[in-house]
Amino acid sequence: QVQLVESGGGLMQAGGSLRLSCAASGRTISSYIMGWFRQAPGKERELTAAITRSGGSTTYADSVKGRFTISRDNAKNMVYLQMNSLKPAATAVYYCAATSGVLLPTTPGMYRYWGQGTQVTVSS
């Protein structure tokens, strides 16, 4: 079992940047596909980005392509989400998640382990 703790959220003006971090413990994340999801008030949780075990492949929501970058450091048991050119629509709670599947799942139900989330608020 792996435990996930997110950090790095906060209040940012539109156009700014934030870097979210996800610290894992309990097991090495090299065993897992990792993802970042977000949930805005009144909306369903949705995939922001996901990355394969080696980091060789990634997938992004269309709304963040070219602005957000997911990365991982298996040696440090860390996953990151660099968010640039932030827009107010990015305001949400961001969750780190892990799955032992073999593809890059895009639905929340395919991820077994979740962090508590970190709030990101982008003001216009």
Side-chain angles (χ1 to χ4, degrees):
Q1 186 169 347
V2 62
Q3 292 79 43
L4 305 171
V5 178
E6 303 92 338
S7 62
L11 176 63
M12 177 60 62
Q13 286 190 329
S17 297
L18 278 175
R19 185 197 193 200
L20 303 184
S21 298
C22 173
S25 60
R27 292 192 67 179
T28 173
I29 62 168
S30 61
S31 300
Y32 300 98
I33 292 168
M34 302 299 296
W36 284 98
F37 287 76
R38 66 186 183 186
Q39 188 166 18
K43 295 188 177 181
E44 294 185 351
R45 194 171 298 188
E46 62 179 9
L47 178 77
T48 303
I51 188 168
T52 54
R53 291 172 178 81
S54 67
S57 294
T58 57
T59 189
Y60 294 92
D62 288 342
S63 59
V64 306
K65 283 180 181 177
R67 298 185 298 113
F68 289 15
T69 303
I70 187 172
S71 61
R72 64 192 296 160
D73 186 335
N74 289 342
K76 295 183 178 180
N77 244 19
M78 297 289 294
V79 183
Y80 306 98
L81 184 68
Q82 179 66 43
M83 306 186 295
N84 298 330
S85 301
L86 282 164
K87 302 177 181 180
T91 296
V93 177
Y94 284 73
Y95 298 90
C96 179
T99 179
S100 57
V102 296
L103 299 175
L104 275 173
T106 60
T107 56
M110 298 299 291
Y111 288 78
R112 181 174 182 181
Y113 302 106
W114 292 86
Q116 294 299 308
T118 185
Q119 176 71 47
V120 172
T121 303
V122 184
S123 63
S124 57

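Quick note: numbers below take in every heavy atom, side chains included, and nothing from hydrogens, waters or symmetry partners. These numbers were taken from a predicted model, which means no experiment stands behind them.
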Side-chain contact, heavy-atom cut-off 4.5 Å: Gln1 with Gln3? yes
Closest approach of Arg53 and Gly101, non-hydrogen atoms and distance? NH2-O, 2.7 Å
Run the side-chain contact (heavy atoms from CB on, under 4.5 Å) check on Ser63 and Arg38 step by step: do they pass? CA-CA 12 Å; Ser63 59; Arg38 66 186 183 186; 3.2 Å; yes
Quick check: does any side chain N or O of Glu6 sit under 3.5 Å from a backbone N or O of Gly117, one acting as donor and the other as acceptor? yes
List the residues meeting side-chain hydrogen bond (donor to acceptor under 3.5 Å, both in side chains) with Asp73, not counting sequence neighbours, and say none if there are none. none
To the nearest 0.5 angstrom, please state how far the OH atom of Tyr80 sits from the CG atom of Leu20. 12.0 Å
Looking only at non-hydrogen atoms, find the nearest pair between Ala24 and Val2 and report the distance. CB-CG2, 3.9 Å
Run Ser21 and Met78 through side-chain contact (heavy atoms from CB on, under 4.5 Å) and show every step you take. CA-CA 7 Å; Ser21 298; Met78 297 289 294; 3.8 Å; yes
Between CD1 of Ile70 and CD of Gln82, what distance do you get to the nearest 0.5 Å? 12.5 Å
Is the shortest side-chain heavy-atom distance between Trp36 and Cys96 below 4.5 Å? yes
Are Leu47 and Met110 close enough that some pair of their side-chain heavy atoms sits under 4.5 Å apart? no
Taking the side chain from Arg72 and the backbone from Ile29, do they hold a donor-acceptor pair closer than 3.5 Å? yes
When rounded to the nearest 0.5 angstrom, what is the spacing between OG1 in Thr69 and CE in Met83? 11.0 Å
Anything under 30° is parallel, anything over 60° is perpendicular, the rest tilted; go ahead and classify Tyr111 against Phe37. perpendicular
Say whether, by atom type as modelled, one donor and one acceptor occur between the side chain of Thr52 and the main chain of Ser57 under 3.5 angstrom. yes
Around atom CD of Gln116, are there more than 12 heavy atoms of other residues, nucleotides or ligands at under 6.0 Å? no
Are Val79 and Leu4 side-chain neighbours, meaning at least one heavy-atom pair lies under 4.5 Å? no
So how far is it from Arg112 CZ to Tyr32 OH, rounded to the nearest 0.5 Å? 7.5 Å
For Met12, does the CE atom sit with more than 12 other heavy atoms under 6.0 Å from it, leaving out its own atoms? yes
Minimum heavy-atom distance between Asn84 and Ser17, given as atom pair plus value: OD1-OG, 2.9 Å
Residues, nucleotides or ligands: over 12 heavy atoms within 6.0 Å of Leu103 CG: no
Verify, without hydrogens or angle tests, whether Asn74 (side chain) and Thr28 (backbone) share a donor-acceptor contact under 3.5 angstrom. no
With the side chain counted from C-beta on, respond yes when Ser123 and Gln13 share a heavy-atom pair under 4.5 Å apart, and no when they do not. yes
Close side-chain approach of Gln119 to Thr91, heavy-atom, < 4.5 Å: yes
How many angstroms lie between CG in Leu86 and OG in Ser124, if you round to the nearest 0.5 Å? 13.0 Å
Identify the two heavy atoms, one from Gly9 and one from Val120, that lie closest to each other, and give their separation to 0.1 Å. CA-CG2, 4.1 Å
Quick check: do Gln39 and Tyr95 have side-chain heavy atoms less than 4.5 Å from each other? yes
Using only heavy-atom distances, determine whether the side chains of Arg27 and Ser100 contain a donor-acceptor pair under 3.5 Å. no
